[in-house]
Amino acid sequence: GLATEQLLGNAVLLGQGEKEAAGASVALLGLSVNWKVASCPSSLDCRVGSEDDYKIMRIRASANYGSYVADSSTFMVDVAQPVNFQVSRTSHTSILLNWNAPFHGPIPSTYILSFRTIGVDGGTPTEIAVPATTFSLSGIWYADLYEFTLCSQSIFGDGCAVKPPAPVVAAAVEPAQAVQVVFVNEDRVIISWTEPAVPDGFESVILSGINGSNTSITSLQQNTTYVLKLYPKSVAGDFHAPTGPSTAEFVLTAAAQDVTVRCPSGVCTGTSLQVAWTRPTGVMIQPKAYRVASSQVSLNGTAVQSQLDVTDTVTSVILGDLEKGRPVTIRVLANNRVFPTFYALSATANVIPVSPPSSPADLKLCMVGTTLVQIDWMPPMDSGDGTTNGLTIVSYLLDYKASGAVSYEPAVEVFGQSFTVQGLQSGTNYTFRVRAQTATVIGTICQARCAPIPPLGLVGEASERSLVFGRVPIWDELQAPPIVDPPTLYNLFVGNLFSFQVRALSLEAGQVVTISATGLSDCGAELVPNVVGNPSLSTLLFLPSVQQMDKTFWICFLATDSYDAFSDQRCIRLFVASPRPAFTRPDQALGDPDAPTLEAVAGCELSIRLEAHDLTSGKDVTAQEAASRGYLVRIQSDTSIALSQYGEAASPSLPAGAVLAESDVEFANPSSRMFQPGRLLEVKNRSRILSASGSWTLSQPTTPQVRSPTPSFARASE
């Protein structure tokens, strides 16, 4: 029996009754159903066939109009396809899929999930039998885009029941984190978020086609509650994560406008700031109140926070007790009149409290000839933030006035650290003043967008010095280094105290002249002030050591008066000489092919004079001067080499019978000794010289070769 059909439009509902069929088909008022029948040639021979023959019920639908009938192709009744096939969650290494069973018919026992990597040539889809309605694909590469196809497994075989639903495209992408509203006004909201906590490059966080970690959403309406949700986009292709963080509920709040941060009353102390704003215009619902919050981390690491709440009629507050030079974050918020617990951020300022720079350091005045004054200075110790170089000094303002003048001359802007003033009157006392100037951008302020706070043009404290024009310290040319380039070189000797006096004076009465020197620490020299006043006399003292031999030291002198006016610089060079003992006779080295061979006849006395001196490594030093400084030498025997028919023999002592006359313990400069060979053998003798400092210097003079008699027969019969 087969259930009778009921037609509702183009749908057939079975189960309203039964209808007997004697053959292999039945017609149900437009629906034809047929099936296979077992083959039975006889009652004793009935071939039942396969089990599948009894599972397949083939259906054909017919439509009629009058006497005309049109039949469809036959089809089979099978399980329906799954519905709501979707990606429910992803991470940077996995994709989670889920779906629902068919809305009608039996629930499939198994689903066939097929997936492949898009864009991979020759990629073969992978099929997986899934008994549940969810599947997680893990351990995948974040840069691959996958296509998933799902169908119900047919009850008639291993394939799909019918054509599967549309494929789903997905990729491994990590959801964003911590999305929040950072700014809201009457028609726009700015949100920011934290990118996924995965290695760099795992995905690009994109919202509305914008790369980054913040965006602005416009065209919102007042009096509406909003919730925004963020879905990151994969780097693999056009796929967004199915999940993401949401903002808290918010409504548009009219924000404070034209927020500014400046110094109170234009006076910058570095310890206070004024925050001002205007009430929003063209908005019916005004904020109920305003809040100004600040946060600063002090130099010792302590976080200092403050909060000022004011009514809607107040549009300015002063933040005090700030620490100069330390960044401070200032937030201006508007209180929603309808939702009083909600404060909408109107503006955020990140600033550094600053003050004008301190006075320039080390201000110096120097006469150049008799017509100019050169003014030099160093940057201020406090650039405005408590450090020497935290803020940029853009220029300096220099002005001056004569004694008795009511006002200063117009200031000159100087972009360096030196300036020359001319046109002054000789004999007049002038006061010079230098101030540092900054054009400081103390930070940025973010309202509709972030922008730098207009720079503050701050002029610092002044450094002042006075000078009677035409009168600076001068050197006594009889007691000062001459003006030569390079400076005069002086030879210094180990163990000999070197002294050098310099004298300077001022032509202006009442001045105290001070003499200073540079280069003292390099060599350990000392500048001793003999007389401080006018004139001033100082003595340079330097005792060279052995470790300083062959080194040159520069010492430069400068004279300064009570006005800090200074003279020209005078320098000397000091060279510490080292011993340089050398033979002067004989003057050929041992082994020199041009050295003469001295021959002697047996029984005849032969004497050779050896001479040496030490001129040191100094420039143009004589032996007598070196001797007076303690640089002495002596001559001693070093090595003797005897040659005979049996070979060559070296000895550290003189050959038998040889004499090195005079004492070998006496030091002198120059030094001389007589050498007399002894045995009539071929002899080479090498001598050495010892300086008074105790260091040996080997020399290789040629000593005589004394040849022994070698008689032989000139003629013989046998």
Side-chain angles (χ1 to χ4, degrees), residues 361-369 374-378 417-418 465 471-507 511-580 614-622 625-626 628-631 693:
D362 200 18
L363 180 63
K364 296 182 182 300
L365 307 177
C366 179
M367 283 287 302
V368 181
Q374 179 175 317
I375 308 168
D376 299 283
W377 59 89
M378 297 297 291
Q417 294 171 211
S418 179
R465 291 290 185 272
R471 298 178 182 176
V472 297
I474 60 175
W475 294 105
D476 182 348
E477 297 299 339
L478 297 179
Q479 287 184 287
I483 303 176
V484 292
D485 188 18
T488 304
L489 179 69
Y490 292 87
N491 292 314
L492 276 64
F493 302 91
V494 174
N496 290 260
L497 180 65
F498 173 80
S499 65
F500 188 88
Q501 281 195 335
V502 288
R503 184 173 183 267
L505 65 154
S506 173
L507 299 179
Q511 290 294 312
V512 175
V513 179
T514 303
I515 299 175
S516 60
T518 60
L520 300 177
S521 60
D522 296 337
C523 59
E526 181 182 6
L527 185 64
V528 179
N530 303 110
V531 178
V532 178
N534 191 10
S536 180
L537 180 67
S538 294
T539 302
L540 174 69
L541 299 177
F542 179 26
L543 183 62
S545 64
V546 173
Q547 292 76 15
Q548 293 172 323
M549 290 192 300
D550 290 329
K551 293 183 179 179
T552 302
F553 303 97
W554 284 58
I555 306 294
C556 295
F557 302 94
L558 191 71
T560 308
D561 65 11
S562 303
Y563 292 145
D564 284 341
F566 51 89
S567 66
D568 61 310
Q569 184 174 260
R570 301 291 181 93
C571 300
I572 59 176
R573 293 180 297 155
L574 307 179
F575 177 76
V576 181
S578 63
R580 290 290 189 273
D614 187 348
L615 302 183
T616 78
S617 61
K619 182 179 180 182
D620 300 329
V621 179
T622 64
E625 181 183 3
S628 68
R629 302 293 186 178
Y631 285 59
S693 65

Inset, instruction - Would you name the heavy atoms of Ser536 and Val531 that are closest together and state the gap between them? - result: OG-O, 2.9 Å
Inset, instruction - Without swapping roles, check the side chain of Asn534 against the backbone of Ser506 for a donor-acceptor pair under 3.5 Å. - result: yes
Inset, instruction - Quick one: do Val621 and Phe493 satisfy side chain to side chain contact (heavy atoms under 4.5 Å, CB included)? Show the steps, please. - result: CA-CA 11 Å; Val621 179; Phe493 302 91; 4.2 Å; yes
Legend entry - Side-chain donor or acceptor of Gln501 paired with backbone N/O of Gln479 under 3.5 Å: no
Inset, instruction - Report the distance from atom CD of Gln569 to atom OG of Ser516, rounding to the nearest 0.5 Å. - result: 8.5 Å
Inset, instruction - Find the distance between CZ (Arg465) and CG (Asp362) and round it off to the nearest 0.5 Å. - result: 8.5 Å
Inset, instruction - With side chain to side chain contact (heavy atoms under 4.5 Å, CB included) as the test, would you mind laying out the steps for Met378 and Lys364 before giving the verdict? - result: CA-CA 9 Å; Met378 297 297 291; Lys364 296 182 182 300; over 6 Å; no
Inset, instruction - Verify, without hydrogens or angle tests, whether Trp475 (side chain) and Asp568 (backbone) share a donor-acceptor contact under 3.5 angstrom. - result: yes
Legend entry - N/O donor-acceptor pair under 3.5 Å between Tyr631 side chain and Val494 backbone: yes
Legend entry - Check: Lys619 main-chain N/O paired with Asn491 side-chain donor or acceptor under 3.5 Å: yes
Inset, instruction - Please check if the side chain of Arg570 supplies one atom and the backbone of Phe557 the other of a donor-acceptor pair under 3.5 Å. - result: no
Inset, instruction - Drop me the distance from Ile375's CD1 to Ser418's OG, to the nearest 0.5 angstrom. - result: 8.5 Å
Inset, instruction - Under the side chain to side chain contact (heavy atoms under 4.5 Å, CB included) rule, what do Gln417 and Asp376 come out as? Steps first, then yes or no, please. - result: CA-CA 6 Å; Gln417 294 171 211; Asp376 299 283; over 6 Å; no
Legend entry - Spacing of Asp561 atom CG and Leu365 atom CG [to the nearest 0.5 Å]: 8.5 Å
Legend entry - Sole candidate of Leu541, Leu520, Ile555, Thr539 that passes side chain to side chain contact (heavy atoms under 4.5 Å, CB included) when paired with Leu527: Leu520
Inset, instruction - Identify the two heavy atoms, one from Gly618 and one from Ala577, that lie closest to each other, and give their separation to 0.1 Å. - result: N-CB, 3.7 Å
Legend entry - Inter-residue atom distance Trp554.CH2 - Cys523.SG, 0.5 Å rounding: 14.0 Å
Legend entry - N/O donor-acceptor pair under 3.5 Å between Asn496 side chain and Arg629 backbone: yes
Legend entry - Sidechain N-carboxylate O distance under 4.0 Å for Asp550, Arg580: yes
Inset, instruction - Take Thr560 and Thr514 through the test side-chain hydrogen bond (donor to acceptor under 3.5 Å, both in side chains) and record every step on the way to the result. - result: CA-CA 5 Å; Thr560 308; Thr514 303; over 6 Å; no
Legend entry - Taking every non-hydrogen atom, the tightest pair across Ser538 and Pro529: OG-CA, 3.6 Å
Legend entry - Distance-minimising heavy-atom pair for Ile572 and Tyr490: CG2-CE1, 3.8 Å
Legend entry - side chain to side chain contact (heavy atoms under 4.5 Å, CB included) between Phe542 and Val576, worked out: CA-CA 10 Å; Phe542 179 26; Val576 181; 4.3 Å; yes
Inset, instruction - Working to the nearest 0.5 Å, report the span between OG1 of Thr616 and CD of Glu625. - result: 7.5 Å
Inset, instruction - Check whether any side-chain heavy atom of Pro481 sits under 4.5 Å from a side-chain heavy atom of Thr488, and report yes or no. - result: no
Legend entry - Which atom of Pro579 lies closest to which atom of Met549, heavy atoms considered: CD-SD, 3.6 Å
Legend entry - Non-hydrogen atoms of Ala504 and Val513 that approach each other most closely: CB-CG1, 4.2 Å
